[in-house]
Structures are given as structure tokens and as C-alpha cells.
Number of protein chains: 2
Amino acid sequence: MKSSLRDLRAKAELSQADLAELLGVSRQTINAIETEKYSPSLELAIRIARYFESNVEEVFHVD
Amino acid sequence: MKSSLRDLRAKAELSQADLAELLGVSRQTINAIETEKYSPSLELAIRIARYFESNVEEVFHVD
DNA sequence: TTCATATGTAAAGCTTGCTTTACATCATCG
DNA sequence: CGATGATGTAAAGCAAGCTTTACATATGAA
């Protein structure tokens with residue numbers, strides 16, 4: 001599962017830790033998603049997309 | 001996590017077993033999502049939304 | 001150089017998503 | 001009536017998502 005999370009986060013000038021706190025997850029979770037260690041849960045994917053005023057399919061896409 | 005999966009599936013006149021096979025998951029997985037036993041993975045949520053020519057946020061929504 | 005910030009990664013442990021197998025109920029059809 | 005299909009549910013087991021703690025490395029500021 002690829003995503004544009006890193007780009008969106010960079011544009012927003014947020015660190016992984018910043019975003020993690022804003023979303024209520026651990027920094028490692030954000031890092032794992034960005035480095036493609038695993039996919040977020042549906043709940044978290046929706047929260048992420050919503051935070052960046054986007055939608056799930058735009059932020060995340062199957063390889 | 002609520003969803004309009006049951007409605008969409010009914011409109012398409014598919015049984016849980018039919019849809020499961022089309023999506024490559026078990027019937028119990030479809031049933032569990034419809035009865036809110038658990039949320040689908042992000043991958044599966046995207047596949048479901050795509051199958052019904054919709055998008056994740058339209059098919060699934062946080063309680 | 002020293003310190004702080006940002007990122008990557010690892011291990012252990014808990015929870016959740018999904019599987020297979022199995023059984024129960026209900027409706028419909030012959 | 002008996003058979004079939006659709007749905008609900010349960011248990012056991014494996015895989016994946018997420019946590020906390022911890023350490024390593026790089027970069028930039030003082």
C-alpha cells in the first residue's frame with residue numbers, strides 16, 4: 001500500500017511526531033505507514049485523509 | 001464502523017457468499033462487516049468501494 | 001563540539017482482521 | 001414433508017495493526 005502521506009505531511013510542515021499526536025496514534029505508526037511497513041486500519045486511513053482534507057482513495061492506493 | 005454494504009449488496013442482488021467470492025474473501029468476513037463485528041482492512045475497504053463503483057468514505061463511515 | 005529535533009528500526013505484547021470448519025435458524029421450493 | 005439457499009454465529013489459529021520502550025543515526029542550531 002503506497003500513500004502520499006509523507007508529501008502531505010511535508011507540505012503541512014509537520015513532523016511524524018506532530019501528526020501522530022494530532023491523530024492520536026504513536027509516531028511509530030506514522031513512520032510505519034510512510035515506510036510501507038504496514039497499511040493503516042480503515043479508521044486511521046479515514047482520519048488521515050480527513051485531516052488533509054482529502055479522501056482515502058487519493059491518499060492511499062494499492063501497489 | 002457503519003457501512004452501506006448490505007444495501008449496496010442487496011441492490012446488486014448478490015448473496016454474502018457471492019460477494020465474498022467476487023472479492024476473494026470468506027463469507028464470514030462479509031457477514032462480520034455487515035453485522036459490525038469488525039471493520040475491514042483498508043485494502044478490502046477499497047476493493048469493496050471500487051466494486052460498487054463508489055468510494056471508501058461513501059461506503060464506510062465512523063459511528 | 002554539544003544539544004535538540006527528526007527519522008528509522010527493533011522487540012515484546014496486546015488487539016483486530018481474516019481464515020477454515022462447523023452448526024443453527026429461517027424461508028422458499030419441490 | 002424434505003431439500004436448498006441465505007444468514008448468523010462460534011471456536012481455534014494465523015497474520016496484521018498498534019503500543020511502549022529503547023537505541024541509532026543524521027542534521028542543524030548554539
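Computed from heavy atoms alone, side chains included, the values below leave out hydrogens, waters and symmetry copies.
For the pair I46(B) CD1 and dG17(C) P, the computed distance is 15 Å after rounding to whole Å. Separating the CG atom of D18(A) from the P atom of dT7(C) is a distance of 8 Å, rounded to the nearest angstrom. Protein atom OH of Y38(A) is 15 Å distant from nucleotide atom C1' of dG17(C), rounded to whole Å. Atom CZ of R47(B) and atom P of dG17(C) are 15 Å apart (whole Å). Between the P atom of dA16(D) and the CE atom of M1(A) lies a distance of 13 Å, rounded to the nearest Å. The separation between I33(B) atom CD1 and dT7(D) atom P is 14 Å, rounded to whole Å. In this structure, the CD atom of Q16(B) is 17 Å from the P atom of dC26(C), given to the nearest Å. Protein atom CD of E43(B) is 9 Å distant from nucleotide atom P of dC18(C), rounded to whole Å.
Atom CG of residue L23(B) and atom CZ of residue R47(B) lie 6.5 Å apart, to the nearest 0.5 angstrom. Rounded to the nearest 0.5 Å, atoms OG (S3(B)) and CD (E34(B)) are 7.0 Å apart. From L19(A), atom CG reaches atom CG of N31(A) across 11.5 Å, with rounding to the nearest 0.5 Å.
Looking at heavy-atom distances under 4.0 Å, S26(B) makes contact with a base.
Each of dT9(C), dT7(D), dA6(C) was ranked by its minimum atom distance to the side chain of S15(A); first place goes to dA6(C). In the set dC23(D), dC18(D), dT9(D), the nucleotide with an atom closest to the side chain of P40(A) is dC18(D). Considering only side-chain atoms of R9(A), the nucleotide from dG17(C), dT19(D), dT7(C) that sits closest is dT7(C). Among the nucleotides dT19(D), dT7(C), dG8(D), the one closest to the side chain of R6(A) is dT7(C). In this structure, of dA22(C), dT21(D), dC18(C), it is dC18(C) that holds the atom nearest to the side chain of L44(B).
At least one side-chain nitrogen or oxygen of N31(B) sits closer than 4.0 Å to the OP1 or OP2 atom of dG8(D). A sub-4.0 Å separation between OP1 or OP2 of dT9(C) and a side-chain N or O of K37(A) is present. Between S41(A) and dC18(D), a side-chain N or O to OP1/OP2 separation shorter than 4.0 Å is present. Of the side-chain N and O atoms in T29(A), one or more sit less than 4.0 angstrom from OP1 or OP2 of dT19(D). A sub-4.0 Å separation between OP1 or OP2 of dA10(C) and a side-chain N or O of Q28(A) is absent.
Comment: R27(A) does not engage E21(A) in a salt bridge, judged by the lack of any side-chain N to carboxylate O separation of less than 4.0 angstrom.
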Output side-chain donor-acceptor pairs under 3.5 Å for residues 54-63 of chain A, partner residues at least two apart or in another chain, one line each.
| unit_1 | atom_1 | unit_2 | atom_2 | d |
| --- | --- | --- | --- | --- |
| N55(A) | OD1 | E58(A) | N | 3.0 |
| E57(A) | OE1 | V56(B) | N | 3.3 |
| E57(A) | OE2 | V56(B) | N | 2.9 |
| D63(A) | OD2 | M1(A) | N | 3.1 |

